[in-house]
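I have placed the structure first, in the form of C-alpha cells, so that the comments after it can refer back to it.
FYI, side chains are in, hydrogens and waters are out, and symmetry mates aren't considered; it's all heavy atoms of this structure.
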Amino acid sequence: MKQFLLIISLVCSLTSCIKKAPLNPEADIETFTVDKTFLTGDVVIDQANRKILLYLQPEAYKNGIVPKIVVSNGATLSPASGDSLKFGSPISYTVTSQSGVNRKKYDVVVVMVGSWTFNFEWWGINDPNQYEFPYGDDGAQVWTSGNPGIAITGVDKRPDAYPMRSTTDGYLGTKAAEIVTLPGNDISKMIGIKIFPGSLFLGNFNSSSAMTNPPAATEFGQPIVGHPVRFTGYYKYAPGPLFQDSDGNTVNSMTDRCAVYAILFNGPQRLNGSNIQTANTIVARAVLPDQSAKSDFTRFDIPFDYTGGSMPGNQLMLAIVASSSAEGASYRGAIGSRLVVDSLRIIMQ
Amino acid sequence: MNKRFLLAALLFLFTGTMFAQDRKQDDGSIHRVSIGLNLGAVTPTSLPNTIRRIDAYNPLLCPSIGYSALFAAKQHWWIGTGLLLDYKGMWVKDSVAYFHTMIQGNNGSASGFEGSFTGTNTTTVRNVYLTLPLYAQWTPGKNWSFQIGGYFAFLLRPKFEGHVSNGYIRNGGPLGEKVIVDYAEFDFSNKIRRYDYGLHAGIEKSLSSKWSASIHWQWGLCRLFPASFSGVDVPLKNMYVNVSLSYRLPRL
C-alpha cells in the first residue's frame, strides 16, 4: 500500500509540472495547390532547398496562377494564400512561425526542361548539408539523388561523403556524375539501412517519407513535350568487391550491377521507387541492357520501346534513373560500386 | 547476466555476514542486511515544455540488496555506511513536441543526426549500480531513526533504450525538412556516466530487535548523461525512493 501511494505521488509530481505548450516554431509551406489543368507536372515543394518548383502549361505561365497555400499551424504567410502570381520577375514567399522567432523564405521557380541533353558540367551545392546536384545544360534544376535522404542521417558535411557527386573523370575529360555505393553509418543502421546505394534521377526527393517508405521518397520524372525515340549517353562501371544483402551479409554468388534507364509516362503525377517499373501510366521504356563492368567510357544508344505501354496523353513526363547498385532500392549491393554517367541525351522524333 | 548479479549480491550478504561475525562487536556497531525496492525515475528536476504529456509510467521491479553498518558516534548519533546493489529503472511513455536531439555515431565518427522530434517517446531504463552511502543517523528514541548524508554509486550495468513513434523529426531543427517517423529505436546505454552521486535522506522504524523497515531517498545530483551528450537534451538525474526491510546480523 505504501509503495502504491509512493508511485501515485511520484506520477502526480511528474505530471503536475507539465508546462504550457510552446508556441509552434515551425514555418513550412505544407501544401501549394494549383489547378491541375495549369500544370505539366505536379508542384514540388523542395523543403531541403526551400523552393516551390512549378511545371506550368504555357498559358498558365503567361496569365499567372492563383495558388492555395497551407502553412504550419499558427504560422503566417506573405504574400497571402489566394493572391495571384504573375511570372516574369522573381517571386518568393515568407513564412513566419507562430512563435514569431522563425522565418523561412521559399523561392518560386518555374521549371521548364528546354534541353534534353545533359553534360553534367554545372553543379550546385546544398547549404547546409554540402551535397552536390547537377543543373541541366539550360540551367534548370531537374536532377536530384538520394543525397538529401542520406543528409538526414548526418553524414559528414562534404560532397564526397555523399554517394552522388561530380567528378572530373568524365567523358572527354570534362565533369560527369559519379555515383557510388557507400557503407551506411551508425544512424542509418539504427533504422536498418546498411548501405547507401548511389542514385541520380530526374525528379524530386521527398524527405518526408525517407524513413517510413524510402522508395516513395524518390519521385521520378519531369514534364516533356514531344516524342522521345532514343536514349543515348556514356557510362563506365566498376562493381564493388563484395555483394551484400539488406542485412549486411555477403552473398558470394552475386556481383553488383548498375542500372541506367529512361521511362516515359503519363503525368502529372510522378512515379516513385515502388512503381517505376510497373505503373500503368508508363508509355515507353529505354533500359540499358548491359549492367556489367566497363572500365572505359562506353557509349549506349537505346531505342524507346513503346510496346505494351499506355497511349501517350498530353501531360507526358520522362524519368531518367541511374544507380550504382541495381537492387539498391532494397538496400542490396556492393560497397564501392562506382558508376559514372556523362552526356545523357533524349533524342526526339 | 542476471545470474552473475545474483551471485554478486549473495557474495555481499556473505561477506557482510562474515564481517559482522568476525569483528568484535563490543564497539557497539550494528551490521545489517537489507532487501528492498527502488521506485522512481530518471527525470529532469523540472520538465521542459517540450514534454507535453506523460502517457504511461511503470516503476518496474527494481530490487535493492545490501549490507549496512552503523557505528556509534555519540549519544543518539551514528555514522552509517554500507554497500548496496541497486537497480534503478523505469518505463515511461510520453508525448513530446519539438524535442531537440543530437545523436552522434559510435567510435567518435563525425556523423550524427541533429534535429527536433515531435511524437511519442517510449523509454526503458534499468541501470544497476553499486551504491556506497555515507550518512549520519539520529536515533532520538527507541523506534525511529533519521538519516541524512550522501551516496556515491558505480554503474555496473547500463540500460537506457526505447523507441520513438508516430511522429516526425526535423533535420537540423524546427526549420529543417520534416521526415515522418513511424518507429525508430534508440539505445543510449553506452552513453551513461559510469558513476552517480547524490543526497541520501532516510527514515527508519525498528519493528523488533532484529527487523526494521526504512524509506530513504536517493536524490541524484549528477547528470545521467555527460553534458557533452545531447541525444536527450534535458539534464536527467536519478530520483529514487528506496523502501526496504533490514535484518540485524546476530552477534557471535
Side-chain angles (χ1 to χ4, degrees), chain A residues 2-4 6-7 9-11 13-28 30 45-50 72 95 97 99 101-104 128-129 148-149 151-158 161 185-192 205-213 217, chain B residues 36-37 39-41 43-59 90 92 94-95 97-98 102-107 109-116 118 163 168-187 213 215 239-241 243:
Chain A
K2 202 185 261 175
Q3 293 171 16
F4 177 75
L6 271 167
I7 295 167
S9 65
L10 264 168
V11 171
S13 68
L14 277 174
T15 49
S16 62
C17 50
I18 294 282
K19 298 203 171 69
K20 198 164 169 279
L23 290 174
N24 192 344
E26 301 173 336
D28 274 6
E30 290 181 344
I45 305 173
D46 179 357
Q47 299 287 3
N49 296 298
R50 299 184 186 175
S72 297
V95 189
S97 70
S99 68
V101 184
N102 292 323
R103 220 169 244 121
K104 215 156 149 181
N129 294 307
I152 296 159
T153 68
V155 295
D156 294 353
K157 296 188 190 318
R158 53 188 165 83
N185 61 20
D186 292 332
I187 309 293
S188 77
K189 283 171 190 162
M190 284 168 83
I191 52 170
F205 188 91
N206 181 355
S207 303
S208 72
S209 47
M211 270 177 80
T212 42
N213 185 7
Chain B
L37 284 176
L39 301 161
T43 169
T45 34
S46 155
L47 293 182
N49 67 356
T50 49
I51 296 179
R52 299 310 315 140
R53 198 170 60 238
I54 307 289
D55 299 307
Y57 163 81
N58 183 334
M90 67 162 183
V92 68
D94 53 350
S95 301
Y98 328 121
M102 190 165 93
I103 305 166
Q104 216 66 42
N106 292 327
N107 57 51
S109 71
S111 78
F113 168 79
E114 180 172 12
S116 57
T118 299
H163 61 265
Y168 61 87
I169 53 171
R170 279 185 180 275
N171 186 19
L175 293 187
E177 64 267 31
K178 191 180 207 172
V179 182
I180 293 163
V181 178
D182 266 358
Y183 184 91
E185 292 179 351
F186 61 83
D187 184 347
I215 296 182
M239 302 284 177
Y240 282 85
V241 170
V243 184

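Using a 4.5 Å cut-off between heavy atoms, A:N206 makes no contact with chain B at all. Only the side chain of B:Y168 comes within less than 4.5 Å of a heavy atom in chain A; its backbone stays farther off. Only the side chain of A:K104 comes within contact range of chain B, with at least one heavy atom under 4.5 Å from a heavy atom of that chain. Looking at B:R170, only its side chain comes within 4.5 Å of chain A, counting heavy atoms on both sides. Residue A:R103 touches chain B through its backbone alone, counting heavy-atom pairs closer than 4.5 Å. Contacts between A:D46 and chain B at a heavy-atom distance below 4.5 Å are absent for every atom of the residue.
Among B:V92, B:N171, B:L175, the residue with the largest count of heavy-atom pairs under 4.5 Å with chain A is B:L175.
Looking at heavy atoms from C-beta onward, A:D28 lies out of side-chain contact with A:V95 at the 4.5 angstrom threshold. In this structure the side chain of A:N24 reaches within 4.5 angstrom of the side chain of B:Y98, judged on heavy atoms. Looking only at side-chain heavy atoms (C-beta outward), B:T43 and B:M90 stay at 4.5 Å or farther from each other. Annotation: side chain of A:N129 is not in contact with side chain of A:P148 (no heavy-atom distance under 4.5 Å). In this structure, the side chains of A:S72 and A:E30 come closer than 4.5 Å at one or more pairs of heavy atoms.
Nearest heavy-atom pair across B:V179 and A:I152 is CG2-CD1, 3.3 Å.
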